[in-house]
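In each ligand, atom 1 is the first atom listed, and ligand 1 is the first ligand listed. Heavy atoms only: backbone and side chains are in, while hydrogens, waters and symmetry mates are out.
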Amino acid sequence: VSSVDVPDETAVGIIGAGPAGLVLAHLLKARGIDCVVLELHDREYVEHRVRAGVLEAPTVELLRTLGLADRLDRESLPHRGIQLAFEGRRHHIDFLDLVGRSITVYGQQEVVKDLIAARVDAGDPIVFEARDVEPVDVDTDKPLIRYRHDDEDRELRCQVVAGCDGFHGVSRPYVPDLTVYDRQYPFAWLGILAEAAPTQDELIYASHERGFALYSMRSPTITRLYLQVPADETLDGWSDDRIWSELETRLPTEDGFVLNTGPILDKGITEMRGFVATPMRHGNLVLAGDAAHIVPPTGAKGMNLAIADVFVLAGILDDVITRGRAERLADYTTACLRRVWRAQHFSWWMTSMLHRFGDDPFQRQLQLSELALVTGSVTAARNLAENYTGYPFDDMFGGET
Ligand SMILES: Cc1cc2nc3c(=O)[nH]c(=O)nc-3n(C[C@H](O)[C@H](O)[C@H](O)COP(=O)(O)OP(=O)(O)OC[C@H]3O[C@@H](n4cnc5c(N)ncnc54)[C@H](O)[C@@H]3O)c2cc1C
């Protein structure tokens with residue numbers, strides 16, 4: 001939309017067009033609540049950022065309920081489970097058998113493309129290249145967002161400001177007296193996207209003496225691969241040849257696993273960090289997704305958690321805006337944190353079981369024992385399957401506490 005068409009007043013001002021902001025916009029629309037999305041970058045940039053790719057079962061169900069899963073249902077890759085590789089052998093964890101639900105592989109940027117297209121096609125306001133975004137007066141009942149667009153200073157008055165602007169966004173500092181829980185892991189992930197047809201139809205999590213490696217894919221022609229590297233690693237020392245050679249060392253198993261190679265389309269280093277900031281709300285400002293918390297990617301939880309937050313938030317905003325129950329905002333943080341910490345723990349547990357932590361042989365034996373348990377005991381495998389495929393958004397443990 002051009003800035004002329006952007007309203008200067010709405011019910012919910014959403015900062016950020018990532019999964020959290022976009023899903024929130026669609027959830028609000030389904031409830032008849034107006035919102036405006038303000039995004040720092042241009043559409044092209046946002047639609048081509050390579051990030052997560054595993055959708056939990058509840059995420060897929062939600063996108064279907066919202067009528068946003070047509071392309072996802074055509075093009076995504078349904079996976080029955082994952083594989084764990086260690087000591088030269090692969091073990092299948094069959095999610096469908098273990099818990100009756102599974103996961104879907106579909107790139108985060110594809111989800112984002114679908115959500116943006118649906119919003120643009122419906123003529124609903126989304127402003128790209130919104131600069132100098134600033135939440136104002138969020139502790140009053142007349143908050144607003146100031147920003148610049150097309151070289152013009154603009155204001156968006158709203159009832160509630162939703163900070164969905166990711167880990168490095170502007171919103172979090174507007175919540176005073178934050179309690180922050182932070183865990184920096186002593187390694188990072190070097191990730192590549194390669195034009196190479198996957199030879200496997202499931203992700204392989206490999207715990208190798210030289211460090212962790214992950215085999216995954218984004219489509220029938222694109223492979224996504226990761227290597228554990230030191231926390232302060234840069235891409236300088238990683239030629240394409242060195243990356244393929246290291247993957248070929250860490251991934252193969254005795255059953256003849258073959259890795260297809262091909263041109264590398266994208267290369268990046270992702271830090272491994274667990275972070276939770278609470279509360280997730282101050283006055284009429286709420287935080288959702290990476291703006292409030294990040295997890296190491298080992299459990300494939302980041303995007304799913306962002307979407308779970310806004311599922312909770314949309315229900316609360318419906319009470320606040322449609323039914324005038326402003327006090328409901330006070331419930332938001334507690335309603336999210338139980339899932340946030342479950343995801344944090346699961347991501348930590350997967351990370352601890354699979355990565356190399358220095359040369360401690362005692363620690364290595366503990367890891368191998370845990371891997372033997374998870375691949376040998378149905379009870380232990382079910383625990384992994386239940387966490388990985390995702391707990392229902394509305395009733396995490398099925399009403400039991
Ligand atoms: C580099 C990277 C790689 C990742 N890889 C994986 C992975 O391999 N596997 C995995 O499971 N998870 C991965 N994640 C995590 C996952 O992608 C995130 O958890 C997910 O994107 C969270 O969604 P979100 O909407 O909360 O935040 P984001 O996707 O970060 O979206 C926030 C949006 O807000 C916008 N924004 C920021 N600042 C402003 C501002 N001042 N004004 C307006 N807009 C603003 C941003 O441009 C962005 O579009 C990765 C994350 C990153 C950053």
Side-chain touch Gln109/Glu47, heavy atoms, less than 4.5 angstrom: no
Partner set under salt bridge (charged side-chain N to carboxylate O under 4.0 Å, His left out) for Asp331, not counting sequence neighbours: Arg328
Name each donor-acceptor pair under 3.5 Å that joins a side chain in residues 52-62 to protein atoms two or more places apart or in another chain, with its distance.
residue	atom	partner	partner atom	Å
Glu56	OE2	Lys301	NZ	2.8
Thr59	OG1	Asn304	OD1	2.7

Results of side-chain hydrogen bond (donor to acceptor under 3.5 Å, both in side chains) for Asp94 - residues two or more places apart only: Arg80
Between ligand 1 and the protein, tabulate every N or O atom pair separated by less than 3.5 Å, reporting distance only.
residue	atom	partner	partner atom	Å
ligand 1	8 (O)	Tyr226	OH	2.5
ligand 1	17 (O)	Gln108	OE1	2.7
ligand 1	19 (O)	Asp290	OD1	2.7
ligand 1	19 (O)	Asp290	OD2	3.3
ligand 1	19 (O)	Gly302	O	3.4
ligand 1	19 (O)	Met303	N	3.4
ligand 1	21 (O)	Gln108	NE2	2.7
ligand 1	25 (O)	Pro19	N	3.2
ligand 1	25 (O)	Ala20	N	2.9
ligand 1	26 (O)	Asp290	N	2.9
ligand 1	29 (O)	Arg51	NH1	3.1
ligand 1	30 (O)	Arg51	NH1	2.9
ligand 1	44 (N)	Leu40	N	3.1
ligand 1	47 (O)	Glu39	OE2	2.6
ligand 1	47 (O)	Arg49	NH1	3.2
ligand 1	49 (O)	Glu39	OE1	2.6
ligand 1	49 (O)	Glu39	OE2	3.4
ligand 1	49 (O)	Arg49	NH2	2.7

Under 3.5 Å donor-acceptor, Arg210 side chain and Glu246 backbone: no
Salt-bridge criterion met for Asp255 and Arg89 (N-O under 4.0 Å): no
